[in-house]
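Taking it in order: structure first as C-alpha cells, then the write-up.
All ligand and atom numbering here is 1-based and tracks the order in the structure.
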Amino acid sequence: MTALFPTYKRFNLAVERAEGTTVEDTDGKTYLDFGAGIGVCNLGHRHPAVQEALESQLNRYWHVSNLYHNPIQEKVAELLTTNTSGDQVFFCNSGTEANEAAIKLARKATGKHKIITFEQSFHGRTFGAMAATGQEKIHSGFGPMLEGFSYVPFNDIDAVKQAVDGETAAVMLEVIQGEGGLHMADAEFVQELEKICAEHHLLLIVDEVQTGIGRTGKPFAYQHYGISPDIITSAKGLANGVPVGAMIAKESLREAFGPGAHAATFGGNPLAMAAGEAVLTHVFQDDFLQDVTKKGQYLKKRLKEAISDVPIVSSIRGKGLMVGIECSEDVSHVVPQLIEQGLLVLVAGSTIIRLLPPLTVNEQEIDQAVDLLRDVLTEKKISSH
Ligand SMILES: *Cc1c(COP(=O)(O)O)cnc(C)c1O
C-alpha cells in the first residue's frame with residue numbers, strides 16, 4: 001500500500017527527467033510525450049525561455065502576498081487582455097479555481113444565480129466547478145450539488161433557449177470539450193449562443209482551461225468562432241507546468257469584484273507569473289500560432305493516412321494540436337500498450353484517444369507517434385481485454 005490516496009489510476013511508469021517532447025523513466029526508457037502533462041507543457045518540458053525566467057525569479061523572491069503591488073502580474077494580465085476580449089484578470093492556481101471565480105463573478109455581477117452548462121462538459125472538481133460539470137459520474141456520492149446549474153445537450157440551441165429563465169445569469173461552455181470526448185461546437189451554434197446571451201443579458205463564459213494558450217492554433221479557441229465572451233477561464237498551459245489559473249473578464253464586470261469580493265493566497269505567485277510571461281510572449285506570436293495550425297493539419301493528415309482504415313477507428317477530429325481518435329470500443333486497454341511501445345497519450349470519454357503534444361513538437365516526432373499508433377491499433381499488436 002502507498003501513502004497516497006488512490007484517487008488516480010496510475011500507469012506503470014515513473015518519470016526521471018524530461019526535455020522537449022521526450023520523457024525518460026526511472027529505468028532509462030524514453031517516451032514521446034503526446035499528452036504534455038494534460039495539455040500543460042505547451043512549450044515542451046523544460047523550455048529554455050521558461051527555465052531561464054524561473055531561475056531568474058528564483059533568485060529575486062518567491063512570494064510576497066497580494067497585499068502589495070505586483071508588476072509581474074500586471075505584465076501577464078496585459079498579455080492576456082491584449083490577446084482576448086477581456087480587460088480585467090484575476091489570478092488563482094488551477095482551472096477549477098478559475099471557474100469558481102467565474103461562477104462567483106457571474107452571480108455577483110448579475111444578481112442572479114442560474115448557469116446553463118452542457119452535457120459531457122468538464123469544469124473541475126471543487127463544488128462550484130463540479131456542479132457546473134455536466135457528468136453524473138463526477139457528482140456521484142458527494143451529496144447535494146451547488147444549486148442553479150442546468151445541463152443541456154451540446155450544439156442544441158433550442159435546448160439553451162428553453163433553459164433560459166428570469167434567474168439565468170450565464171451560459172458556460174468549452175468550445176471543444178476536452179475531457180468529455182473532443183466534441184467540437186458548431187460555428188452556427190456558438191454564434192447563435194452569443195446572440196441569445198445578448199438578448200437575455202446573460203454572461204457568456206468560455207472555459208479555455210484546456211483549449212487556450214495556443215493549443216488550437218489561436219491564443220484561445222473561441223477566437224475561431226468570432227465571438228466576444230464576457231468571461232474566459234485559463235489554466236493548464238498558462239505557465240507550462242507551474243500551477244496557475246486565470247479568469248479574464250470584460251471591464252463592465254470590474255466593479256463586481258471589488259476589494260474583499262474574492263481572493264487567493266497563492267494567486268499570481270511570482271514564479272508562476274515569471275513562467276507565464278515567458279510562455280505567453282512565446283505562444284502569442286503569429287508565426288508560432290501558424291506553425292501550430294500547420295503541424296495540427298499535418299498530424300491529422302498523417303493519422304488519416306495511417307489509421308483511418310483500422311476497423312476500430314471511427315473518426316479523427318480536432319483543431320490545431322488538440323486531436324481525438326474516436327474508436328468503436330473502450331480504449332483503456334490501448335493506452336498501456338502505447339506506453340509499452342514508448343508513446344504517452346490521453347483518453348477522453350472512454351472511447352477516444354486524445355493527443356495533446358507540446359506545441360513545439362516537430363514533424364519527425366509526429367511521424368514516429370503516428371507509426372506507433374498504427375502498430376498498436378492494427379490487429380497484430382492489439383490484444384483484447
Ligand atoms: C482540466 C480542466 C479543468 C480543471 O482544471 P484543474 O487545474 O485540474 O482544476 C477545468 N476545465 C477544463 C476544460 C479542463 O480541461
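- Counting the atoms of ligand 1 from 1 in the order shown, those under 4.0 Å from a heavy atom of Gln210 are 15 (O).
- Asn66 is not listed as a side-chain neighbour of Phe91, based on a closest heavy-atom distance of 4.5 Å or more.
- For ligand 1, the atoms lying closer than 4.0 Å to a non-hydrogen atom of Asn99 are 10 (C), 11 (N).
- Within the 4.0 Å heavy-atom criterion, the part of Asp207 lying near ligand 1 is the side chain and not the backbone.
- Between the side chain of Asp186 and the main chain of Asn155, no donor-acceptor pair closer than 3.5 Å is present.
- Between Val209 and ligand 1, no N or O atom pair is found at a separation short of 3.5 Å.
- Residues His224 and Thr216 bring a donor and an acceptor atom of their side chains to less than 3.5 Å of each other.
- The distance criterion of under 3.5 Å between nitrogen or oxygen atoms is not met by Glu97 with respect to ligand 1.
- A donor atom on one side chain and an acceptor atom on the other are not found under 3.5 Å apart for His47 and Asn240.
- With a 4.0 Å cut-off on non-hydrogen atoms, Lys236 touches ligand 1 through its side chain and not its backbone.
- Closest non-hydrogen pair, Thr168 versus Ala163, comes out as OG1-O, 4.0 Å.
- Polar contact check, Gly95 against ligand 1: a nitrogen or oxygen pair lies under 3.5 Å apart.
- Closer than 4.0 Å to atom 5 (O) of ligand 1 lies at least one heavy atom of the protein.
- Of the heavy atoms in His123, only backbone atoms (N, CA, C, O) come closer than 4.0 Å to ligand 1.
- A salt bridge is absent between Asp309 and Arg374; no separation between the charged side-chain nitrogens and carboxylate oxygens falls under 4.0 Å.
- Close approach of ligand 1 to Glu174 (heavy-atom distance below 4.0 Å) involves ligand atoms 13 (C).
- Between Leu377 and Val334 the shortest side-chain heavy-atom distance falls below 4.5 Å.
- Listed by number with element, the atoms of ligand 1 under 4.0 Å from a non-hydrogen atom of Thr96 are 4 (C), 5 (O), 6 (P), 9 (O).
- Contact check on Glu78 versus Lys75 returns no salt bridge, with no Lys/Arg side-chain nitrogen under 4.0 Å from an Asp/Glu carboxylate oxygen.
- For Thr96 and Thr126, the side-chain atoms include at least one donor-acceptor pair closer than 3.5 Å.
- For ligand 1 and Ser94, the ligand atoms under 4.0 Å from any heavy atom of the residue are 7 (O), 9 (O).
- For Ala235, no heavy-atom contact with ligand 1 is shorter than 4.0 Å.
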